[in-house]
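Worksheet for the structure shown next.
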Amino acid sequence: MALLLQGWLLAARRWLLAQETAATARLHHHPLCPVFEHENPRLKHLPLAVQQKHIVVTCNYEARRRGLYKLQLIHQAKSVCPDVVIVLGEDLTRFRNASKDLYAFLRSFSWNARCEKLGFDEVFLDVTDIIDYNVSNLNFNHLSNAFFCLAKDDPTVGFAYDASRLTGHLHPKTASANLDPASLDPLHLRLALGSHLAEYLRTRLESDKGYTATVGISTNKLLAKLVGNTYKPNAQTTLVPPYISDGEDESEDNVTSFMDSHDVSQIPGIGYKIAQGLRAYVRQRPADFGAEPAYDSSKETMLVHDVRTHAGIGPETLERVLGGPNVPRGIGVRVWGLLNGCDEAEVGQARDVPAQISIEDSYIRLDSFDAVVKELRLLANKLIQRMQTDLLDEEDEEDEDDRWLAHPKAIRLSTRPRRRENSEGSRNRSFARISKSSPMPTFVFNLKESVDVVVDRLLSETLVPLFRRLHPEQRGWNLSLINIAATNITEAAREQGGVGRDISKMFRRQDEVLRQWKVEETAALEAEEVVEGSSEWPERRREFFERVGSEDVPTRSQERVCDADNGWESEEDDTVGVALSRCEECRAVMPPFAMGAHGRWHAQSGRGN
DNA sequence: ACGCTTCAG
DNA sequence: CTTTCTGAAGCGT
């Protein structure tokens, strides 16, 4: 479906749930507390703070009730709340495991594998297809005795629910939970189904995994995330229609009034820099050109409403005001959309491996070469172990040769030099990191060597040289942080069984083909954007509402899957110049002739059910 | 490809 | 020591 909101085509056309584990409420990040409480339930009712270095990185509700807050100094926390339970949280292993568990659990409900992690404890699910299917299954004469189907191929998997009303909290809170049976607004109905799905997922998450969760339900990532903040913890909120105003009065739609009530800095996607730019523009001041950071205007509040209704505001103005070096192109359109509750960003495809793995530690004082080498060894050891836990195929352990699901192409060493005392002005902005990188040496993938041997080699052949490039001076530096990252991790194209391995190995050899294909894809994406961008921005908001199911148009790659089903007339192995296809579901890259079998593998293995 | 910035939790 | 320990994405060269 497509929906026009305030003159904006919501290209995402998706029905989303933003899911977030609870007990992180206002911090709404760092899943650290829930994990500790999970391991030791008595902690739930005690003030609990998680310590990293000298600060409280997060704390539970009881601690916050007693006046603690995130990133507070430990000694302050102890003086404010002497009986606070402090646990060390520098080793993130358990939190990463909990995060993976949460992600795998939610992903298992997805049909389209659009399941995106945000940090350790939040997940976006695009459940458009599930809602579509269940709306199409409804018996409109018996809405209150509906059955929500969670698996297309098994009608017994699911739960009973009342489709005539929404469940959970609503925004605005005065809204009725009942659907109007006379009009039966399709958007309202679908959000109702979304609310029941969210409730079911929260219930299952708690019964199966023991975690409570906070969820927001709306039509795009922005709104789902923001509305999820309304009630916490262990709650869900649905942003109810109307999403567009009937007439001229734009304050009558719930999206505009909801967005208007936020401070600009609360909007995800509007960070420190952009918020500062917006405030400066609306207050008609030059953007802080390095003036006193002490009198920061950054603390001032400015509502979305003030920006949105500012004279002369619009995508073009914002592009001009906010644009600059390091600012993404199209920032004006993007921010204008966000201010109006529009977010075209798709929920990302589920990933089997991260794009990057990094390990870092911070230091009070690190100014000798020997100490640096010692720390580099510790960090490198952790990095190799992380690579082995996160990038290795857990199955078929007998295949010694290539268990790597993905290979990082580069390794990067970053440091944060401690800011030097300054002769005057003390305008010492540089808490910035500096880095050097080099190709990842292939010996790190050798599983026959012990980790220690690999680490030693990595240290002497790669990391120490990188460090010398980064800090050519023998002395005089003092580092407050070191980070080592395995970067540019790209999933190996693969399929189950022997054929898949052959195919994936073939591709590793055929770089040329791959690159050629990637260029094609980029061009196609740009073309799509041109088409979308070419439509004019209407002055007035117009309603545009497509009916259920209208977006079931096959994508480019889906069409290729169909074509490829019959297409076994391909030639030899040496097919340089063959057009490649990518599976829409798992993003695996392969020649068209492999897509048929690959697609059947998806269907049969029931991934995502 | 590489170094850096911005945004996120 | 405006912080912690990450991860994704995009700009400019």
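Below, chains carry the letters A, B, ... as their sequence lines are ordered, and counting in each starts from 1.
When the nucleotides dT6(C), dT4(C), dC7(B) are ranked by their closest atom to the side chain of Ile359(A), dT6(C) comes out on top. The Lys225(A) side chain lies nearest to dA8(B) when the options are dG3(B), dC2(B), dA8(B). Looking at the side chain of Arg469(A), the nearest of the listed nucleotides dC2(B), dC5(C), dG3(B) is dG3(B). In the set dC2(B), dA8(C), dG7(C), dA8(C) carries the atom at the smallest distance from any side-chain atom of Ala355(A). Comparing dG7(C), dC2(B), dC4(B) against the side chain of Ser437(A) picks out dC2(B) as the nearest. If you check dA8(B), dG7(C), dC2(B) against the side chain of Pro268(A), the one that comes closest is dA8(B). Nearest to the side chain of Ile434(A), among dG7(C), dT6(B), dC4(B), sits dC4(B).
Here the P atom of nucleotide dG3(B) and the NZ atom of Lys409(A) are 18 Å apart, to the nearest Å. In this structure, Leu226(A) atom CG and dA8(B) atom P are separated by 11 Å, rounded to whole Å. Here dT4(C) presents its P atom at 17 Å from CZ of Phe95(A), a figure rounded to the nearest Å. We find that CD1 of Ile364(A) is positioned 14 Å from C1' of dT2(C), with the value rounded to whole Å. For the pair Tyr272(A) OH and dT5(B) C1', the computed distance is 14 Å after rounding to whole Å. Between the C1' atom of dT6(B) and the CD1 atom of Ile331(A) lies a distance of 10 Å, rounded to the nearest Å. In this structure, CD of Gln76(A) is placed 15 Å from P of dT4(C), rounded to the nearest angstrom. Distance Arg334(A) CZ to dA9(C) P: 12 Å, rounded to the nearest Å.
Among the atoms of the strands shown, none is found under 4.0 Å from any heavy atom of Arg412(A). The residue Ile274(A) sits close only to the backbone: its heavy atoms come under 4.0 Å of sugar-phosphate atoms, none of a base. At the heavy-atom level, Gly269(A) lies under 4.0 Å from the strands shown only through sugar-phosphate atoms. Residue contacts for Leu470(A): at a heavy-atom cut-off of 4.0 Å it reaches no nucleic acid atom on any strand shown. Residue contacts for Asn483(A): at a heavy-atom cut-off of 4.0 Å it reaches no nucleic acid atom on any strand shown. Nucleic acid contact for Lys436(A): sugar-phosphate only, since backbone atoms but no base atoms lie under 4.0 Å from a heavy atom of the residue. Residue contacts shown for Leu73(A) are absent, as no nucleic acid heavy atom lies under 4.0 Å away.
Proximity of the aromatic rings of Trp477(A) and Phe369(A) is defined here by a centroid distance below 6.0 angstrom, and this criterion is not met.
Under the 3.5 Å distance criterion, the side-chain polar atoms of Arg64(A) are matched with a main-chain donor or acceptor of Cys59(A).
Figure legend: cation-pi geometry between Arg418(A) and Tyr363(A) absent, as NZ or CZ is not positioned both under 6.0 Å from the six-membered ring centre and within 45° of its axis.
Dashed line: the shortest gap from a side-chain N or O of Ser362(A) to OP1 or OP2 of dT4(C) is under 4.0 Å. Put simply, Arg416(A) has no side-chain N or O that comes within less than 4.0 Å of OP1 or OP2 on dT6(C). Under 4.0 angstrom from either OP1 or OP2 of dG3(B) there lies no side-chain N or O belonging to Ser435(A). Taking 4.0 angstrom as the limit, Arg96(A) places a side-chain polar atom (N or O) nearer than this to OP1 or OP2 of dT6(C). Using a 4.0 Å cut-off, no side-chain N or O of Arg418(A) falls inside it from OP1 or OP2 of dT3(C).
The two residues Leu376(A) and Phe467(A) make their nearest non-hydrogen contact at CD1-CB, 4.4 Å.
At a threshold of 4.5 Å between non-hydrogen side-chain atoms, the residues Asp260(A) and Asp306(A) do not count as touching.
Counting only N and O atoms by type, the side chains of Ser435(A) and Arg412(A) include no donor and acceptor under 3.5 Å apart.
Asp361(A) has no carboxylate O lying under 4.0 Å from a charged side-chain N of Lys382(A), or vice versa, which leaves the two without a salt bridge. The pair Glu346(A)-Arg114(A) counts as a salt bridge, with a side-chain nitrogen and a carboxylate oxygen less than 4.0 angstrom apart.
His407(A) and Trp404(A) have tilted rings, their planes meeting at an angle from 30° to 60° on a 0 to 90° scale.
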Please list, for nucleotides 10-13 of chain C, all pairs of protein and nucleotide N/O atoms separated by less than 3.5 Å.
from    : atom 1 : to        : atom 2 : distance (Å)
dC11(C) : OP1    : Arg329(A) : N      : 2.9

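Both Arg351(A) and Ser480(A) sit near DNA chain C, but only Ser480(A) has its closest nucleotide nearer the 5' end. Between Val353(A) and Leu71(A), the residue anchored nearer the 5' end of DNA chain C, judged by the nucleotide with its closest heavy atom, is Leu71(A).
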